[in-house]
Amino acid sequence: MKIFIIAIPLLVVGGLLAYALQGAHFAILDPKGIIADKERGLLIFTTLLSLVVVVPVFVMLFVIVWRYRATNTKAIYSPEWDGSRFFETLWWGIPCLIILVLAIVTWTSSHQLDPTRSLTSTHPPLKIQVVALQWKWLFLYPDQQVASVNTVEFPINTPIEFDITADAPMNSFWIPSLGGQIYAMPGMTTKLHLMADTSGTYAGSSANLSGTGFSGMRFSAIATSASDYANWLIRAHSSSQVLTSSSYTALAVPSADVAVRLYRLGEPTLYDTIVMKYMMPSTATSSTDTKAVNSDMDMDTNMNMNMPGM
Amino acid sequence: MSERVNAGLHGESAMQKQAKVLLGFWIYLMTDLVLFASLFATYAVLRSNTFGGPGGGQLFNLPLVLVETILLLTSSFTAGLLTIVLSRGNRRLVMVFLALTFVLGVGFLVIELTEFSHLIQDGNSWQRSGFLSAFFTLVGMHGLHIAVGLLWMLVVGYQVLYRGLTTAVTRRLRLISLFWHFLDIVWIFIFSIVYMIGVL
Amino acid sequence: MFGKLTISAFVHDPITNVAILGTIIIGIVGIILLIRFKKLSWLWKNWLTSLDPKKIGVMYIAIATFMLLRGLADVLLIRTQQALSSGASHGIINADTFQQVFSAHGTMMIFFVAMGFLFGILNLIVPPQIGSRDVAFPFLNSVSFWLFAGGALLVNLSLAVGEFSAAGWLAYPPLSELSYSPGVGVDYWIWSLQIAGVGSLLSGINFLVTIIKLRAPGMTPMKMPIFIWSVLGSMSLVVFAFPILTATLSMLALDRTLGMHFFTAEAGGNAMMYVNLIWAWGHPEVYILILPAFGIFSEIVSVFSGKRLFGYKSMVWALGAITFLSFTVWLHHFFTMGAGADVNSFFGIMTMIIAIPTGVKIFNWLFTMYRGRVRLTTPMLWFLGFVVTFTLGGVAGVLMSVPAIDYQVHNSLFLVAHFHTMIIGGVLFGIFAGFTYWFPKFTGFTLNERIGRWAFWVWLFGFLLAFIPLYILGLMGATRRLDHYDASLGWQGLFIVAGIGATLICIGVALQILQVIVSIVQRKQHLVLDGDPWNGRTLEWSTVSPPPSYTFAVIPIVTDRDDFWVSKHQSIPDQVPRHYRAIAVPKNTSAGIVIAGFATLIGFAVIWQIIWLIPVALLGLIISCIIRLSHDAEEEIISAVDVERQELTARRQRDLV
Amino acid sequence: MKKSTFSERTALGRYITGFIVSLAATLIVYFFVQNRIAGGHQVLSHTFLMISIALLAIIQFVVQAVFFLHIGKEPKPRVKMIAFFFMLLIVVILVGGSIWIMNNLDYTMMTPEQTKTYLQNNEGL
């Protein structure tokens, strides 16, 4: 009778999960980029390594509880046996070795998969500047003079250098199929290097709460062949809307679930003005300060010059 | 000064109660130092975030700071002497040194408040930049602790006058001098890190 | 006159109005019952103004249970919203309300449920286990409790008056700064945590001094029960971590009220420093919660296996290692903020190292059961549930300690499932086990075993059904805190399964409440006459259940570890002292309520910027402190005759067994 | 006025020495910094000043701890001393760790202009 009590719920749990998993797509376990691929490998390796401790724990748990249950009076009962140097060295030692292995793997993988590290490839890198706004993503292509909202397109097998900042509360730029995320923060630039190896449209999202429109802050990262990418650039160039600092301030007004939009980039250094906006007192309000700053800059010898802190 | 060893809480003696309270207060002072450590860490990080405004070099009046530091150091010294005369139960000398510590403490606080008011009048209030926010909060939190210490001295001074050096009053005076020494240690680091390195 | 407090603060959406009305009605019914049965003065005299740690412990548990129910109401709202809000449909609540719900859920569960149960169990168990009648500073204990209650009051008040924070349970700036959260929500969050935080800090100091100074004669450190060691570790973390929280919350409060620029995006603020400081407190906080749970499990496994704890010295070293290491790992909460590879891998490696002592503890528990007589009572079932879930959660933890893996799963539902596994599987299961284990000690009757088992199994399957889908969703790229998602992503099925799991958990809690009610009704059949229902090993089982207000008529002399078990089995005749001496017990006082009341009033005044009220409440606080601290604590004397009478009835009751 | 016992005289002696050493350390640091500010012919180097400030602060800290707070002057088990050193450990980890992390974050997050100005000042490019 007891078996039924435990079996039925297990079947129910299994059944429900199977129903829910039809057509499920595991973005993190189905990498489409070199970075995501290495990160998945690391995930699988670490899981297997930790099984070395977890499996014995589970086996011992059920064996010991079953064998030494109170009703089984045949089992040996030694209430005073409360220590053994051998076993202690065993379960202090083995986990130390496992963690040593994992520590080495961690050190190498952290340096290898550092988001600021540029990727090697025959194709020239493509620089894309990302600005997290209140609840939409703005992508700027400084070299190609185009910009887009909530969609980013790039050719496959080309290393992409993302310079990421925000003109909104702290955010996080994440394309699970291509690689790990990095925070997007106002007044700062964080770097992320990704490269797609197969073409396709991959879901991208914000991974950090930034206000009421947070759930709608999704974008699609489209990896295409070089020719499709070129066509996309032409389409962007022929867009009627031009992105200048004035049209940017209109765009930056908080809005949620924003449709995809393409721009011609009117101001190539728009990204830097967005970042520097938080660094300096805006010239309009306190002009006296900036004069003091400039004079301060030249004359001052020691390091106490106003190096805009982040 | 023989005090009937009253059957203290759960039958513990006055000595056990004193040791317990001193340990509890000591651990509290440890937590206060961690609080100041967090403010120091924030000050160290925001030191150069002057946002185009004046930095330490343009703001600090070093001679005034030196006077402040000497006042507090002497005040900590008189608090030490207080504990010596306290163990001899000499009520008159206890009042003398308590008053001295109090006056020196008030002197320190007055100088600090004038420094703050000058800064604010010159437009460099805590709203001006991250650096100034961190400066006002770190030095202000220390000043707040000094004010609490001074108020505490007043209350216990009143008790010394009207109740004499009972066990409880003696214990409170020991706590006050312990508190004062800790505030002087915090000021050593404020003096060195905020003011000395600030002007370099 | 009332600062920002205007009529509009009382206007809410329908669901919140229902919750407000419900709470008000329960409150009114409660008061009517108290007046009807003339219990108001009884409540005031025996409970609210009491300095007896046993009474304060029960009050902590009462508040924690109420907050658990409110937290579970939030769970149902979150699960329903996420199950329905896919594609065209936008669920039952809008984004802002949803964000308030999960922010309140997180804040209440950690600060008022977990910390509430923790300090409740500490107040009830630590003094008797070390053979002491009381904590070191009884009055401070009452003030700490009432500060904790004041913080809980502010959180609940935010439901009816104004709003709560919508910036998550840790309110990262710049979102929590004035420019992006202009409402009073974040202020409610800051001040309820600040007030409850000061209460926790004072309790931490109180219990540290209690354990160091008030142990029974003969109880050297290595003869202390292992639970006391875990509390020593946990309280050292409280004492050294909470000041960081106090400093960080003060800086955020100064930003919002005085216009400072610590963490603002512009004017030289550095939001990253907030993240750094809040987690420098944050990680020790989660170890503050888990260490006592480890202690409870060690006691339970040892008692229900009928064996001494295996590797006591090694377990103490493991506790010490965890206590120290928990201060060196906090960066693993923001690997993705952009620190360099050296910093990330250093903190990653330190995080992995903590897994070693935790693993050692689990092996020592297993070997405590090895060659024992394992009785599978409800506390042991909670322990088995703990080992299963905590080990799985631990694997996810080790995974996320590798920075390159954490880049992929940070702020995803995988992370959400991990920390819920650690806190529910670890802390909450530990609390339930401790509650069931020590319930007979303080009530005189055991809890109903059958309903207890059902509650456990429903809880376990509800937990698995609620959080395995979240692990899976995390690997599918679902981030946390989503109030809406596209239908094309195919996540709805898993969110529905998680909703079913959450409902099962609520049924489990209902069963636990039923268990308590049924046990009270049937208490006559489950009486514990000799105060030792489980054949206990530590000192708290040596008194009669429920223990008299002075706990020990004579402070026991301790000779060995598991002293009660040793004295039971050496069959030393129960030496009845020739004559009993009077015992001084701290007198009731309402000063704790007054001081905490003024502190809560200051918080309320700052939240709503009722400018004139701030100095008034501050003055009230200072004066009430001075008045209370200027006089020595009075004591109530329990006469020797009373003590002898109570001891006689206890011994007669024990002989009935 | 009872004759001061031996222990009182040593206690007084300790307070006086502690006071004088602290006073001296404060004045020395002050004049070092004044010398640097005033400029003048023989200016002390920046690094020398940093080291001397740090050193003198630590000396004062130790003197205050030993002479005024009597660290270690308590019966066995010296709980206050253990709490003191554990606090020091936590403060070092917190402040040192925070500064290491925040500098590392700042270094990796500088925009192109800031890197230019940073390089001009530090590495003198």
Side-chain angles (χ1 to χ4, degrees), chain B residues 19 22-23 26-27 29-34 36-46 48 57 60 62-63 65-66 69-70 72-74 76-85 87-90 92-93 177-178 180-182 184-185 187-193 195-200, chain D residues 1-2 4-5 7-9 11-12 14-16 18-20 22-23 25-27 29-34 36-37 46 49-50 52-54 56-61 63-65 67-69 74-75 79-80 83-84 86-88 90-99 101-103 105-106:
Chain B
L22 277 172
L23 177 64
W26 179 276
I27 294 174
L29 290 177
M30 296 295 125
T31 64
D32 231 358
L33 283 176
V34 174
F36 276 108
S38 315
L39 296 180
F40 266 109
T42 312
Y43 172 81
V45 165
L46 295 180
S48 52
F60 298 148
L62 282 193
V65 168
L66 183 65
T69 309
I70 293 168
L72 195 63
L73 199 56
T74 338
S76 175
F77 176 57
T78 51
L81 301 182
L82 177 70
T83 47
I84 294 175
V85 292
S87 51
R88 291 164 56 173
N90 181 326
R92 201 175 48 74
L93 269 179
S177 71
L178 203 58
W180 216 239
H181 294 321
F182 265 94
D184 191 40
I185 288 179
W187 181 258
I188 292 169
F189 288 102
I190 291 182
F191 174 74
S192 315
I193 296 169
Y195 289 104
M196 289 298 114
I197 295 176
V199 296
L200 282 185
Chain D
M1 261 276 283
K2 286 198 305 269
S4 60
T5 62
S7 67
E8 274 164 3
R9 262 206 308 288
L12 187 65
R14 298 164 69 86
Y15 277 118
I16 291 171
F19 176 58
I20 289 165
S22 296
L23 202 61
T26 313
L27 292 172
V29 169
Y30 181 77
F31 286 112
F32 276 1
V33 169
Q34 276 304 64
R36 166 85 189 195
I37 294 284
H46 186 77
L49 264 170
M50 282 296 187
S52 57
I53 290 173
L56 286 164
I58 289 165
I59 289 168
Q60 277 202 47
F61 176 71
V63 160
Q64 291 272 349
F67 289 113
F68 281 33
L69 296 180
E74 51 182 323
V79 178
K80 285 194 219 167
F84 186 78
F86 192 48
M87 177 277 299
L88 272 184
I90 302 300
V91 165
V92 164
I93 290 173
L94 174 68
V95 177
S98 298
I99 291 173
I101 294 169
M102 297 312 286
N103 284 348
L105 284 170
D106 290 351

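Each chain gets a letter, A, B and so on, in the order its sequence line appears, and its residues count up from 1. Side chains are part of it too, since the values below use all heavy atoms of this structure and drop only hydrogens, waters and symmetry mates.
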Contacting region of [X] [heavy-atom separation from chain B under 4.5 Å]:
| X | answer |
| --- | --- |
| D/Phe32 | neither |
| D/Glu74 | neither |
| D/Leu56 | neither |

Q) Which is it for D/Leu27 and B/Ile70 under the side-chain contact (heavy atoms from CB on, under 4.5 Å) test, yes or no, and what are the steps along the way? A) CA-CA 9 Å; D/Leu27 292 172; B/Ile70 293 168; 4.2 Å; yes
Nearest 0.5 angstrom please: [X] [atom1] to [Y] [atom2], how far?
| X | Y | atom1 | atom2 | result |
| --- | --- | --- | --- | --- |
| D/Ile16 | B/Phe77 | CD1 | CZ | 5.0 Å |
| B/Leu72 | D/Thr26 | CG | OG1 | 10.0 Å |
| D/Gln34 | B/Leu62 | CD | CG | 5.5 Å |

**Q.** Evaluation steps, side-chain contact (heavy atoms from CB on, under 4.5 Å), between D/Val91 and B/Met30
**A.** CA-CA 10 Å; D/Val91 165; B/Met30 296 295 125; over 6 Å; no
Need one label for [X]: side chain, backbone, both or neither, based on atoms under 4.5 Å from any heavy atom in chain D.
| X | result |
| --- | --- |
| B/Thr69 | side chain |
| B/Thr31 | neither |
| B/Ser177 | neither |

Q: For this output row, return yes or no: ring centroids of B/Phe189 and D/Phe61 closer than 6.0 angstrom.
A: yes
(Q) Test of understanding: with side-chain contact (heavy atoms from CB on, under 4.5 Å), list the residues that count as partners of D/Leu69, not counting sequence neighbours. (A) B/Trp26, B/Leu178, B/His181, B/Phe182, B/Ile185, D/Ile71
Q. What are the two closest heavy atoms between D/Ile99 and B/Ala44, and how far apart are they?
A. CD1-CB, 3.7 Å
**Q.** D/Val29 versus B/Phe191, closest heavy-atom pair with distance
**A.** CG1-CE2, 4.4 Å
Q.
With chain B as the partner, which of D/Ser98, D/Gly96, D/Ser22, D/Gly97 has the greatest number of non-hydrogen pairs under 4.5 Å?
A. D/Ser22
Q) When heavy-atom pairs shorter than 4.5 Å are enumerated against chain B, which of D/Val95, D/Ile53, D/Leu88 gives the highest number? A) D/Ile53
Q: Apply side-chain contact (heavy atoms from CB on, under 4.5 Å) to the pair B/Ser192 and D/Gln60, showing each step before the final yes or no.
A: CA-CA 11 Å; B/Ser192 315; D/Gln60 277 202 47; 5.8 Å; no
Q: Check step by step if side-chain contact (heavy atoms from CB on, under 4.5 Å) holds for D/Tyr15 and B/Thr83.
A: CA-CA 10 Å; D/Tyr15 277 118; B/Thr83 47; 3.2 Å; yes
(Q) Counting C-beta onward and ignoring hydrogens, is there a side-chain heavy-atom pair between D/Phe19 and B/Thr74 closer than 4.5 Å? (A) yes
Q. Side chains of D/Leu94 and B/Ser38: does their closest heavy-atom pair fall under 4.5 Å?
A. yes
Under 4.5 Å, counting heavy-atom pairs only, tell me which of [options] racks up the most with chain D.
| options | value |
| --- | --- |
| B/Thr42, B/Leu66, B/Val34 | B/Leu66 |
| B/Ala19, B/Pro63, B/Ala79 | B/Pro63 |
| B/Leu23, B/Leu22, B/Leu73 | B/Leu73 |

